[in-house]
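A, B, ... follow the sequence lines: proteins, then strands. Residue 1 opens every chain. Remember, predicted model here, so these are calculated numbers, not experimental data.
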Amino acid sequence: MVVIALQGYAAFIVLVMIVFAVRHWYFTLNRLWSPQRPYYQDLFDSELPHITVVVPMHNEAAVATGVIDALLDSTYPKDRLEILPFDDQSHDDTSTILHEYYERYPNIVKPVYMLGGLRGKPNALNVALRLATHDIILVFDADYTPGKDILRALTAAFSDPEVGAVMGRVIPLNSGKNFLTRLLSLERSGGYQVDQQARYNLDLLPQYGGTVGGFRRSMVTRIGGFDLSTLAEDTDLTARLFIEGRKVVYANGSECYEEVPESWPARFRQLRRWSRGHNRAFFNNVVGIVRSTHLSFFQKLDGVLLLSVYIIPPLLLIGFVANALLFFMGALPLWSVVAVVFFVVAFNSFGNFAPVYEIGAAELIDGAGRRLLLLPYLYYLFLFNSWAVTHGLIDTIGDLVKQRSPHWDKTVRFRGSNT
Amino acid sequence: MPCILITLAIEVLVILGAQPLEHLVSTVDASIAGAAHVPVTLGSERFLWLNLAPLEFTMPSHDYIELAAYILVSAVAIGIISIFRLFPAPLRFFVNFNFLIVAGEASYLLLAGHLGYDSNTFSTLMLETMTAIWLVLPLFIGTVTILFPFTLLASIAIILSTVVFDIVLAASRYAAFIVILNHSGPILMADLYLSFGPLLDVIPLTGIFAIFLGLLARRLRRDPEAWAWL
């Protein structure tokens with residue numbers, strides 16, 4: 001009985017891996033060989049609307065000037081631009097820095113000082129929904145460096161009245177710093193250059209990633225604003241917009257530069273936080289996705305697979321335990337081993353869940369050379385990522401059982417450090 | 001289309017060559033084991049349409065004191081590695097994972113008295129695993145290769161080199177496992193198979209693929225016309 005149960009579980013895991021492997025194989029095929037769906041900037045040349053740019057900050061003194069200077073340096077007309085940097089209960093010099101910008105650019109930079117109450121990005125965004133002057137709100141994290149034209153490019157998507165949110169491409173700024181940052185750069189590349197673009201091409205569910213993107217205030221307000229119970233307000237918003245029949249679009253050409261974690265503990269915490277938030281978004285929205293009358297079968301399938309990506313690694317870890325027990329008992333099914341060998345390829349990088357061929361394709365399009373040789377090292381992250389994601393799932397279950405709201409665990413910034 | 005034909009041709013080649021290959025691997029591994037002073041006898045098992053010759057060898061058994069020591073040492077090692085953070089996190093997790101399997105196997109042996117596999121069934125499992133991987137490998141690599149604008153020659157080279165590499169890797173690993181288990185006893189059997197067994201094939205195979213992908217990237221950089229496919 002135990003053997004049958006364990007073998008049944010192994011069969012389930014194999015099936016899941018095959019589904020993901022085939023999905024990403026098809027994404028790669030689409031990205032490399034199919035006509036690419038044009039982005040709105042390529043279609044429209046409409047008059048630029050007024051926009052609000054929100055930058056949530058908590059103890060961001062090391063990077064605050066970088067992001068605000070970059071926004072002020074953008075080509076977007078300054079008379080149509082409002083920047084709302086949020087100082088979310090910082091203990092460093094963030095508020096002083098923001099005040100200096102306010103004194104220099106009082107009509108553009110309007111800092112918001114959150115002195116108490118609930119801390120975290122979802123709460124800051126809900127406040128932004130009330131304080132922003134304009135309907136189109138773009139969001140950047142404090143460690144990001146927006147390019148000169150990115151505001152124009154992202155805003156172009158809102159020419160389509162059905163678009164609720166837009167997401168640009170994230171590129172690591174510090175990818176050459178060490179081994180970890182190089183591997184994370186590979187992950188990001190696969191996740192955006194191929195995965196997001198293919199989902200946009202195929203009219204599936206591109207994900208609003210919370211940074212390097214934006215949303216329409218009126219639509220987000222209509223669906224109840226940002227959910228404070230999740231740390232992945234971006235994934236949650238993506239799901240809720242699609243459930244309501246709105247669009248989320250991806251702008252591959254809108255590149256923005258971020259700082260990826262440079263230390264393993266920082267990466268572990270980041271992944272754990274993503275997993276905690278993403279899994280909460282899964283539990284909150286999976287039924288809605290399946291029952292939505294606005295989505296096609298394939299959109300629903302993509303939505304469920306997208307929401308469940310951070311549930312799979314713990315299931316896979318349990319699958320390994322099941323296989324070990326079956327081995328102890330002398331009942332290891334051969335098909336399970338062979339399938340794991342081949343389809344583990346689909347699970348080598350849990351950050352953006354891009355399998356090795358997807359990352360290879362992305363790097364090829366990006367004109368990579370020697371860094372392609374790092375591909376096999378992605379397996380080095382296998383247990384690390386699985387364990388971090390499993391911690392996140394345990395946190396989510398704890399949140400659901402205890403009805404608690406998670407606190408925001410900010411990713412450590414490395415800019416200016418020698419690590 | 002040419003890539004599909006190449007894949008199918010190599011697949012047929014592997015299917016036709018599987019039986020002599022199995023025979024060769026068992027014979028060579030028996031010689032290696034003999035050279036390492038591990039006495040082996042060739043058994044006989046049927047797998048799909050193939051006759052396998054698993055190598056039977058002897059293994060020392062473990063008493064309960066030895067097993068308890070394995071559990072204790074594994075627990076202490078995991079504790080020390082975790083607390084003092086002796087290696088980067090991914091490596092630490094991998095080392096701990098291996099100690100966990102050893103501790104798990106020792107616990108199972110303590111409770112059940114014996115492991116599900118003996119030297120014969122373990123050898124059979126190893127041979128069946130490597131055969132199944134060889135049979136699926138051309139199709140899998142071909143399916144991935146077809147995604148990229150490789151030349152015909154490169155496609156052949158990728159599929160053939162991964163298959164040949166995996167044959168050599170699997171055969172030498174099988175011999176190494178026999179020698180290790182002959183000295184260590186069954187306590188390392190699960191760890192060897194689950195941690196250093198077929199699952200590890202993915203890494204060098206990806207490495208080979210990455211080398212060819214790098215060469216393709218170089219070609220694409222030199223020749224802008226090559227981007228016409230995109």
Atom of [X], atom of [Y] and distance for their closest heavy-atom approach:
X	Y	value
Pro376(A)	Ile203(B)	CB-O, 3.5 Å
Tyr357(A)	Phe148(B)	O-CZ, 3.4 Å
Leu372(A)	Ala210(B)	O-CB, 3.3 Å
Leu213(B)	Leu364(A)	O-CD1, 3.9 Å
Phe328(A)	Glu105(B)	CZ-N, 3.4 Å

Interchain contact, [X] with chain B, by part (heavy-atom threshold 4.5 Å):
X	result
Trp387(A)	side chain
Ala324(A)	both
Phe179(A)	neither

Task: Residue-level interface, residues 165-173 of chain B with chain A, non-hydrogen cut-off under 4.5 Å - done: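 Those residues of residues 165-173 of chain B which would need a heavy atom under 4.5 Å from chain A do not exist here.
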- [ ] Determine, step by step, whether Thr143(B) and Trp25(A) satisfy the side chain to side chain contact (heavy atoms under 4.5 Å, CB included) criterion, reporting the C-alpha distance in whole Å, the side-chain angles of both residues, the deciding distance to 0.1 Å, and the verdict.
- [x] CA-CA 9 Å; Thr143(B) 308; Trp25(A) 184 88; 3.5 Å; yes
Task: Closest-packed option against chain B by number of heavy-atom pairs under 4.5 Å, given Trp264(A), Phe384(A), Tyr377(A), Phe327(A) - done: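 Max contact count across the listed options: Phe327(A).
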Please look at [X] and chain A and tell me whether the side chain, the backbone, both or neither of the residue comes under 4.5 angstrom of a heavy atom of that chain.
X	answer
Phe209(B)	neither
Ile211(B)	both
Phe212(B)	neither

TODO: Look up atom CG in Leu326(A) and atom CG in Leu194(B), then write down how far apart they are to the nearest 0.5 Å.
DONE: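 So the CG of Leu326(A) and the CG of Leu194(B) are separated by 10.0 Å.
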Open item on the list: Once rounded to the nearest 0.5 Å, what's the spacing between atom CG of Leu147(B) and atom CD of Glu358(A)?
Closed with: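 These two atoms lie 10.0 Å from each other.
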Could you list the donor-acceptor pairs under 3.5 angstrom formed by side chains in residues 111-125 of chain B, with sequence neighbours left out?
residue, atom, partner, partner atom, Å
Tyr117(B), OH, Leu332(A), N, 3.1
Asp118(B), OD1, Asn120(B), N, 3.1
Asp118(B), OD1, Thr121(B), N, 2.8
Asp118(B), OD1, Thr121(B), OG1, 2.8
Ser119(B), OG, Phe57(B), N, 3.3
Ser119(B), OG, Phe57(B), O, 2.8
Thr121(B), OG1, Asp118(B), N, 2.7
Thr121(B), OG1, Asp118(B), O, 3.2
Ser123(B), OG, Leu55(B), O, 2.6
Ser123(B), OG, Ser119(B), O, 3.3
Ser123(B), OG, Tyr174(B), OH, 2.9
Thr124(B), OG1, Asn120(B), O, 2.8

Counting only pairs under 3.5 Å, give me each side-chain donor-acceptor contact of residues 79-98 of chain B, with atom names and distances, residues two or more places apart or in other chains.
residue, atom, partner, partner atom, Å
Ser82(B), OG, Ile78(B), O, 2.7
Ser82(B), OG, Asn96(B), ND2, 3.2
Arg92(B), NH1, Phe87(B), O, 3.1
Asn98(B), OD1, Ser195(B), OG, 2.6
Asn98(B), ND2, Phe94(B), O, 2.7

- [ ] Just jot down the salt bridge (charged side-chain N to carboxylate O under 4.0 Å, His left out) partners of Arg199(A), sequence neighbours excluded, or say none.
- [x]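 Partners of Arg199(A) by the salt bridge (charged side-chain N to carboxylate O under 4.0 Å, His left out) criterion, ordered by chain and then number, come out as Asp195(A).
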